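In what follows, a single structure is set out as structure tokens and then discussed.
What you are looking at is a predicted structure, and each value in this text was computed from that prediction instead of being measured. Numbers restart at 1 for each chain; the letters A, B, ... are given by sequence-line order, proteins then strands. Keep in mind that the numbers below use all heavy atoms, side chains included, and drop hydrogens, waters and symmetry copies.
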There are 2 protein chains.
Amino acid sequence: MKKNDIKILLVDDEPDILEIVGYNLSNEGYKVITAENGAEGVKKAKKEQPQLIILDVMMPEMDGIEACELIRKNPDLKNSIITFLTARGEDYSQVAGFDAGADDYITKPIKPKVLVSKVKALLRRFKEEDIADTVKIGSLEINRDEYKIISKGEEIILPRKEFELLSLLASKPGKVFKRDEILDAVWGNEVVVGGRTIDVHIRKLREKLGDNSFKTIKGVGYKFVE
Amino acid sequence: MKKNDIKILLVDDEPDILEIVGYNLSNEGYKVITAENGAEGVKKAKKEQPQLIILDVMMPEMDGIEACELIRKNPDLKNSIITFLTARGEDYSQVAGFDAGADDYITKPIKPKVLVSKVKALLRRFKEEDIADTVKIGSLEINRDEYKIISKGEEIILPRKEFELLSLLASKPGKVFKRDEILDAVWGNEVVVGGRTIDVHIRKLREKLGDNSFKTIKGVGYKFVE
DNA sequence: AAATAACAGCAAAAGTGATGCCAAAAAATT
DNA sequence: AATTTTTTGGCATCACTTTTGCTGTTATTT
């Protein structure tokens, strides 16, 4: 998982906090989602499945503790890390927060450096877990692990040869692959297949992904463009 | 792992701190080991393999930061949780501490209730990872200890191979496991079994858990999806 | 400009190979 | 010994792959 795939949900009723914390985390490369109250926070947590949730304790309507409990009840979110934002001296809320299932708390006033260090430390474990072998080209996402691709948000499962062909072409967008090269890479240099084989696979890919992505260079080969 | 099997190493040069923190944690049922300086702390950490290490930052001879770095270098201790004890306002040491590989910090003066809550919270993650050897994926719950699974609330006992196969596939939902990989992981690379063996086990699992969870990627392998 | 040749697109058909399924044998557990 | 689990081989099937023959297009030659 790359850094910019890590989502952090920030829940606070003060726009200033949202602004400054959000800015600092975005700057570090994280994808930041914000919510302005507990209810909205819970909703977005369920929808976005963030790895880290930063919850202000003191909020109108639904406070952080309650939101935390609701979030923890959701099984999909049980691996998320939840940390509270709390003013110095609110020791009571620390205890209650931990009981509600929080992993940590951050005290206000917030110091950007401390915050970022803390977030990194909290996420360290999470990061180490899964590094997906996935490549992104524009709106196309190729996932070698799962033998599937995501095009325009839609998941498509491709047969082996088609997948490998796409995988090859998309590995260097813009580069023209000669027919020989393709044959070598996808079919292996021992196997000999007829001349029209590649075309047919290209056609299948065009059907599934849209014509415009695959350009034919006559007499040479094919290339993939965004 | 029972609570009284959990070891906490406490490193501080002030006997008072050792006394009060140690007392509170012992009271909670944890096994507490103490050290009075950094060097001793590192030594005991290596020897005792505690799950949680609480390090005072300010100590004569070897300070907490240095000790932390040394501990983190030890591969056996890389899963230990390290938290610093620091006086309020020492923001510098917080940052340096995280850089040195700490997971958290606790500010002095220490409030027993906060301390205990925090320790519990820190250990919770640890417990979930290593102790409760059970994994949840959607409505499926896999209990490696007892070789059984819970699917849609119903408890199912699976034979070894079936269990291991499911366990493997479900360990990374979505990921396609190639036949070779499966053979390696479940059967071991020395043993050679016929080609139809995997199919049959997949079939059994499909019978027991429902068709839709196991997808076949022809020419590649299988994957588990929710 | 017309004729020719080379090339790629296309659809359908044929080929192939991997997987599903079964029933039965072998092995392991009880 | 009885039962359960695991493996196996045969067969059918289906998905994927490759071929085929045709068409249209582009490039080359005359």
Side-chain angles (χ1 to χ4, degrees), chain A residues 144 146-149 155-169 176-225, chain B residues 144 146-149 155-169 176-225:
Chain A
R144 283 187 154 72
E146 313 191 9
Y147 264 90
K148 78 179 183 192
I149 62 156
E155 182 181 319
I156 304 172
I157 293 181
L158 293 179
R160 199 166 74 249
K161 286 280 194 275
E162 286 171 36
F163 183 86
E164 275 165 21
L165 178 56
L166 170 62
S167 197
L168 176 70
L169 293 185
V176 177
F177 289 86
K178 303 198 185 70
R179 282 168 167 268
D180 303 355
E181 290 181 67
I182 296 176
L183 244 24
D184 261 28
V186 178
W187 276 266
N189 31 18
E190 319 98 37
V191 186
V192 182
V193 292
R196 300 270 64 70
T197 305
I198 296 177
D199 311 334
V200 176
H201 285 277
I202 290 284
R203 183 163 60 90
K204 293 270 171 66
L205 286 176
R206 281 177 173 152
E207 279 169 13
K208 288 172 186 171
L209 302 182
D211 249 328
N212 32 1
S213 300
F214 302 91
K215 301 284 181 214
T216 305
I217 314 297
K218 276 202 120 182
V220 188
Y222 297 91
K223 71 173 171 180
F224 175 88
V225 294
Chain B
R144 287 182 208 276
E146 309 182 22
Y147 267 76
K148 77 179 181 192
I149 63 157
E155 184 180 316
I156 305 172
I157 295 180
L158 291 179
R160 253 199 308 290
K161 292 287 190 223
E162 285 171 37
F163 183 86
E164 273 165 25
L165 179 57
L166 170 63
S167 194
L168 176 70
L169 293 185
V176 175
F177 290 86
K178 304 198 184 71
R179 282 169 161 265
D180 303 355
E181 288 181 68
I182 296 176
L183 245 24
D184 260 28
V186 179
W187 277 266
N189 32 17
E190 324 95 36
V191 186
V192 182
V193 292
R196 299 273 60 70
T197 305
I198 295 176
D199 309 303
V200 176
H201 285 277
I202 290 282
R203 186 172 121 245
K204 293 271 171 65
L205 287 175
R206 291 212 249 239
E207 279 169 12
K208 289 173 185 171
L209 301 182
D211 254 43
N212 31 2
S213 300
F214 302 90
K215 300 276 181 224
T216 305
I217 313 295
K218 271 209 149 186
V220 188
Y222 297 91
K223 72 173 169 179
F224 176 87
V225 293

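Test A:Phe163, A:Trp187, A:Tyr222 against A:His201 for ring pair (Phe, Tyr, Trp, His ring centres under 6.0 Å) and you get one pass: A:Trp187.
Considering only side-chain N and O atoms, B:Thr216 lies under 4.0 angstrom from the phosphate OP1 or OP2 of C:dG20. The side chain of A:Trp187 contributes no N or O atom lying less than 4.0 Å from OP1 or OP2 of D:dT17. The side chain of B:His201 places an N or O atom within less than 4.0 Å of a non-bridging phosphate oxygen (OP1 or OP2) of D:dT7. Of the side-chain N and O atoms in B:Arg196, none sit less than 4.0 angstrom from OP1 or OP2 of C:dA18. Look at A:Arg203 and you'll find a side-chain N or O under 4.0 angstrom from OP1 or OP2 of C:dA11.
Between the CD1 atom of A:Ile198 and the P atom of D:dT18 there is a distance of 10 Å, rounded to whole Å. The interatomic distance linking B:Arg206 (CZ) with C:dC21 (P) rounds to 7 Å, in whole Å. Rounded to a whole Å, the CD atom of B:Glu164 is 14 Å from the P atom of D:dT5. Rounded to whole Å, the distance from CZ on A:Arg179 to C1' on C:dA6 is 12 Å. Between A:Leu158 atom CG and D:dT17 atom P the separation is 10 Å, expressed in whole Å. As a whole-Å value, the separation of B:Ile217 CD1 from D:dC14 P is 19 Å. Atom C1' of nucleotide C:dC22 and atom CG of B:Asp199 are separated by 12 Å, given to the nearest angstrom. Here C:dA8 presents its C1' atom at 16 Å from NZ of A:Lys204, a figure rounded to the nearest Å.
Residues B:Lys161 and B:Lys204 have side chains not in contact (no heavy-atom distance under 4.5 Å, counting atoms from C-beta outward). In this structure, the side chains of A:Leu209 and A:Leu166 come closer than 4.5 Å at one or more pairs of heavy atoms.
By the 30° and 60° cut-offs, the orientation of the rings of B:Phe224 relative to B:Phe214 is perpendicular.
B:Phe214 comes within 4.0 angstrom of no nucleic acid atom, judged by non-hydrogen atoms across all strands. Using a 4.0 Å heavy-atom criterion, one finds that B:Lys218 contacts the bases of the nucleic acid, with or without backbone contacts as well. In this structure, A:Tyr222 reaches the sugar-phosphate backbone alone: every heavy-atom distance under 4.0 Å involves primed, P, OP1 or OP2 atoms, never a base.
Map B:Gly194 and A:Pro159 each onto its nearest nucleotide of DNA chain D; the residue landing nearer the 5' end is B:Gly194. Each of B:Arg160 and B:Val220 was assigned the nucleotide of DNA chain C with the nearest heavy atom; the assignment lying further toward the 5' end belongs to B:Val220.
Side-chain N or O atoms of A:Glu181 include one that pairs as donor or acceptor with a backbone N or O of A:Lys178 at under 3.5 Å.
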